[in-house]
Amino acid sequence: MPRLLVINPNSNTTVTANIDRALDPWRVTGVKIDCMTNDAGPDTISSDEDAQRAGRDVCAIAAKARADAILVACFSDPGVDMLRGQTARPVFGIQECAILTALARAPRYGIIALSERAVPRHRARIEKLGLTERFAGELGLSGYSALAVGQSDAAYAETRTAADRLRGLGAGAVVLGCAGFGPKRAALEADLGMPVIDPVLAGAAIAVGALLG
């Protein structure tokens with residue numbers, strides 16, 4: 001049975017539990033999916049320094065794990081490039097996977113981040129991946145944790161407003177720029193009437209496909 005390791009680079013175990021539940025539909029494929037929390041990480045990755053430190057932690061966790069593929073479940077893909085240089089196993093990052101999924105659904109995509117502070121970090125990743133041509137833009141919320149963004153009604157209202165603004169900028173699909181958004185994805189897609197991409201689900205779909213292909 002192929003094994004997929006999903007690493008939450010932050011230390012919030014409730015976020016990890018939400019990710020784990022969201023991945024249940026992929027378990028019927030026969031892939032064993034294990035979710036792990038980076039206990040040494042911050043509660044929410046909110047700065048470049050957080051991302052760099054978490055990236056090193058991700059590499060250390062992956063080095064000790066029995067897995068056939070690895071999915072890093074944090075937007076900005078901390079540690080993904082480093083890990084790809086250290087292992088022959090396929091390594092996936094949810095930002096990259098989410099954008100590729102959005103591009104399969106619409107001519108242009110936009111991103112919603114937890115805060116404006118995250119936008120330059122995400123933009124740097126987009127430029128490194130060469131995925132700027134069909135990028136409509138990114139908007140940050142007023143600043144929520146990875147846990148709160150999937151639970152707070154106020155966060156949902158801001159997310160809904162940001163999504164409408166992205167549509168006005170030409171986005172045909174909205175990418176949620178944090179693993180914590182997941183619990184609100186379906187409601188947001190129903191309200192908007194346009195594709196809303198949960199990066200964790202997008203990453204899992206690509207990773208499971210690679211393991212079974």
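We use all heavy atoms of the structure for the numbers below, so side chains are in, but hydrogens, waters and symmetry mates are not. Predicted model, so just to flag it, every value in this text is computed and none were measured. Residue numbers count from 1 along this sequence.
To the nearest 0.5 Å, the span separating OG1 on T13 from CG on N38 amounts to 12.5 Å. Atom CG of L188 is separated from atom CD1 of I112 by 6.0 Å, given to the nearest 0.5 angstrom. Going from atom OG1 of T16 over to atom CZ of R21 covers 10.5 Å, rounded to the nearest 0.5 Å. Note: I197 CD1 to I111 CD1 = 11.5 Å, rounded to the nearest 0.5 Å. The OG1 atom of T37 sits 5.5 Å away from atom CG of N8, with the distance rounded to the nearest 0.5 Å. Atom CG of D57 sits about 11.0 Å away from atom CG of N10, to the nearest 0.5 Å.
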Under 3.5 Å, which donor-acceptor pairs link side chains of residues 175-187 to any protein atom two or more places apart or in another chain?
residue, atom, partner, partner atom, Å
R185, NH1, E189, OE1, 3.0
R185, NH1, E189, OE2, 3.4
R185, NH1, V196, O, 3.1

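The minimum heavy-atom distance between A148 and A155, with the atom names listed, is O-CB, 4.3 Å. Here the closest heavy-atom approach between residue G110 and residue L166 is recorded as C-CD1, 3.9 Å. Here the closest non-hydrogen pair linking W26 and A205 is NE1-CA, 3.4 Å. Across all their heavy atoms, L139 and V119 have their closest contact at C-CG2, 4.5 Å. When all heavy atoms of R121 and A51 are compared, the closest pair comes out as CD-CB, 3.9 Å. For T101 against A202, the heavy-atom pair with the smallest separation is OG1-CB, 3.4 Å.
Remark: Y156 engages no residue in a ring-ring contact (aromatic ring centres under 6.0 Å, His included) (not counting sequence neighbours). D191 meets the salt bridge (Lys or Arg N to Asp or Glu O under 4.0 Å) test with no other residue; sequence neighbours excluded. Remark: A22 pairs with L201 by the side chain to side chain contact (heavy atoms under 4.5 Å, CB included) rule, at least two apart or across chains. By the side chain to side chain contact (heavy atoms under 4.5 Å, CB included) test, S46 pairs with D50, R117, sequence neighbours left out. Residues meeting the side chain to side chain contact (heavy atoms under 4.5 Å, CB included) test with R3, sequence neighbours left out: K32, D34, R66, D68. Residues meeting the side chain to side chain contact (heavy atoms under 4.5 Å, CB included) test with R27, sequence neighbours left out: D20, L23, D24, I33, C35. Residues that satisfy the side-chain hydrogen bond (donor to acceptor under 3.5 Å, both in side chains) test with R134, not counting sequence neighbours, are absent from this structure. Listed by chain and residue number, nothing satisfies the ring-ring contact (aromatic ring centres under 6.0 Å, His included) test with Y144 (two or more places apart in sequence, or in another chain).
The hydrophobic cluster containing I99 does not contain M194, counting ILVMFWY residues as joined when their side-chain heavy atoms lie under 4.5 angstrom apart, directly or transitively. Both V31 and V200 are part of a single hydrophobic cluster, where members link through side-chain heavy atoms under 4.5 Å apart. A single hydrophobic cluster is seen to contain both I19 and V208, as judged by linkage of ILVMFWY side chains at heavy-atom distances under 4.5 Å, directly or through other members. There is a path of hydrophobic side-chain contacts, each under 4.5 Å, that joins L169 to L141. Put simply, V174 and L114 are part of the same group of oily side chains (I, L, V, M, F, W, Y) that touch within less than 4.5 Å, one to the next.
Between the S11 side chain and the P42 main chain, a donor and an acceptor come within less than 3.5 Å of each other.
Residues in residues 70-82 take part in these salt bridge (charged side-chain N to carboxylate O under 4.0 Å, His left out) pairs, two or more places apart or across chains: D77-R125, D81-R84, D81-R125, D81-K128. Counting only residues at least two apart or on different chains, the ring pair (Phe, Tyr, Trp, His ring centres under 6.0 Å) pairs with a member in residues 48-80 are F75-H122. Sorted by first and then second residue, the pairs that involve residues 96-115 and meet ring pair (Phe, Tyr, Trp, His ring centres under 6.0 Å), not counting sequence neighbours, are Y109-F135.
Between I45 and P9, some side-chain heavy-atom pair lies under the 4.5 Å cut-off. Counting heavy atoms from C-beta outward, L212 and P2 have side chains that approach closer than 4.5 Å.
With respect to R123 and E127, a salt bridge is recorded, a charged nitrogen being found less than 4.0 Å from a carboxylate O. Between R160 and D164 there is a salt bridge, since at least one side-chain N of the basic residue sits less than 4.0 Å from a carboxylate O of the acidic one.
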Go through the steps for L131 and L100 under the test side chain to side chain contact (heavy atoms under 4.5 Å, CB included), then give the verdict. CA-CA 9 Å; L131 296 172; L100 294 175; 4.2 Å; yes
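Within 6.0 Å of CZ on R89 lie more than 12 heavy atoms contributed by other residues, nucleotides or ligands.
The only option from V72, V58, I70, L71 that meets the side-chain contact (heavy atoms from CB on, under 4.5 Å) definition with V80 turns out to be V72.
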